[in-house]
J.: 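Dumping the structure here so I can ask a few things about it.
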Amino acid sequence: MEKFDFSNAKFLNAVIDRVVQLWSPPTDDMAFRRLYVEAIIRQNAADNDMQFQLSENGELCSIALASRLGEHTPWYIWWQEKFDALPEEYRKMFSISREYLSMMDEKTYRYMNKDDVKLSLFVSTKAGWGKPVLEGAMDFFRSKGFKNIYLWTDCECNVDWYVSRGYELVEEGTYEPFSTPEEPYKTFIFRKNL
Ligand SMILES: CC(C)(COP(=O)(O)OP(=O)(O)OC[C@H]1O[C@@H](n2cnc3c(N)ncnc32)[C@H](O)[C@@H]1OP(=O)(O)O)[C@@H](O)C(=O)NCCC(=O)NCCS
C-alpha cells in the first residue's frame, strides 16, 4: 500500500473526476464544481500515516483516507485562499459544504473512543479496487491496535456498499439545508469492529 500523495496532480485529478458528478452542486461552471469537490477531499485528508492509495501502471485505482479522534489538519489555509478568490455567488455554497462536513465529523467523533479510527474518504477510481484498498487499510488499523472503524456517509454516496458488508448503522439523520420537500437529504453513521 502506498501513501496517498496530494502533490501528485494526476492522482488528485482522478479522484476529482470520479466524485465531481456525485458531490458537486448543480451549476454549469465545471471549474467551480471541481474546486468544490477538491475542498471536500482536502477537508477529509489528515497529515498522518493513514492515507492509503492503490495504483496500477501509473494510474490511480482507489484511496482510503482515515483519521484519529478529533484529528485536524491545516486544510483551512488552502480553503480560505480559495474562498477569498471566489465570486460572492459561490461563497455561500463553499461555506455550507465546509460546515456540513465539520458537523458530520463532530457527530461521528461523539461515538468514537481514542482507540477507534474514522474512515474519512473512500473512493475507487476503477471498479473493484475499493475493497482491496479498504482491506489493506483495515489490516494496518488492526496492527496499530484500533478497535472499531467509524464513518459517516450520505445519500450521494454508495451507502449500500457498507450495508452489504455488515457495517452497523449507528445513526441515521436528515440534513435540512440540503433537503427538498420531495427529497430528504439522508445522512448515516456506520461502525464496524476491526
Ligand atoms: C464505495 C466504493 C469505493 C466501492 O468501491 P468499488 O470498487 O465499487 O467496490 P469493490 O472494490 O468492493 O468491488 C466491487 C464489488 O462491490 C460490489 N458493489 C459495489 N457497489 C455496491 C453496492 N452499492 N451494494 C452492493 N455491492 C456493491 C460490486 O458488485 C462488486 O461485487 P463482487 O466483488 O461480488 O463482484 C465506490 O463505489 C466509490 O468510489 N463510490 C463513489 C464514492 C463513494 O460513494 N464513496 C463511499 C462513501 S463516502
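Just follow the structure's listing: the first ligand is 1, and inside any ligand the first atom is 1.
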J.: Does some non-hydrogen atom of the protein lie less than 4.0 angstrom from atom 39 (O) of ligand 1?
T.: yes
J.: Establish whether atom 19 (C) of ligand 1 and some protein heavy atom are separated by less than 4.0 angstrom.
T.: yes
J.: Taking only heavy atoms of Val123 into account, list the atoms of ligand 1 that are under 4.0 Å away from them.
T.: 3 (C), 39 (O)
J.: Are any of the side-chain heavy atoms of Leu151 and Phe122 separated by less than 4.5 Å?
T.: no
J.: Between Phe52 and Phe140, does the ring centre distance come in under 6.0 Å?
T.: yes
J.: Pairing donors with acceptors under 3.5 angstrom, does anything connect the side chains of Asn148 and Tyr111?
T.: no
J.: Can you find an N/O atom of Gly128 closer than 3.5 Å to an N/O atom of ligand 1?
T.: yes
J.: Side chain or backbone, does Ser124 bring an N or O within less than 3.5 Å of an N or O on ligand 1?
T.: yes
J.: What do you think, any protein heavy atom under 4.0 angstrom from atom 3 (C) of ligand 1?
T.: yes
J.: When you measure from atom 12 (O) of ligand 1 to the protein, is at least one non-hydrogen atom found at a distance under 4.0 Å?
T.: yes
J.: Given Arg165, Lys126, Lys131, identify the one with the heavy atom nearest to atom 15 (C) of ligand 1.
T.: Arg165
J.: Taking atom 43 (C) of ligand 1 as the point of reference, which of Trp129, Tyr162, Phe122, Trp161 owns the nearest heavy atom?
T.: Phe122
J.: Kindly indicate whether atom 34 (O) of ligand 1 is approached by any protein heavy atom to under 4.0 angstrom.
T.: no
J.: State the atoms of ligand 1, each with its element, that fall below the 4.0 Å cut-off from a heavy-atom position in Arg18.
T.: 36 (C), 37 (O), 38 (C), 39 (O), 40 (N), 41 (C)
J.: Please could you name the atoms of ligand 1 that Leu22 approaches to less than 4.0 Å, counting only its heavy atoms?
T.: 41 (C)
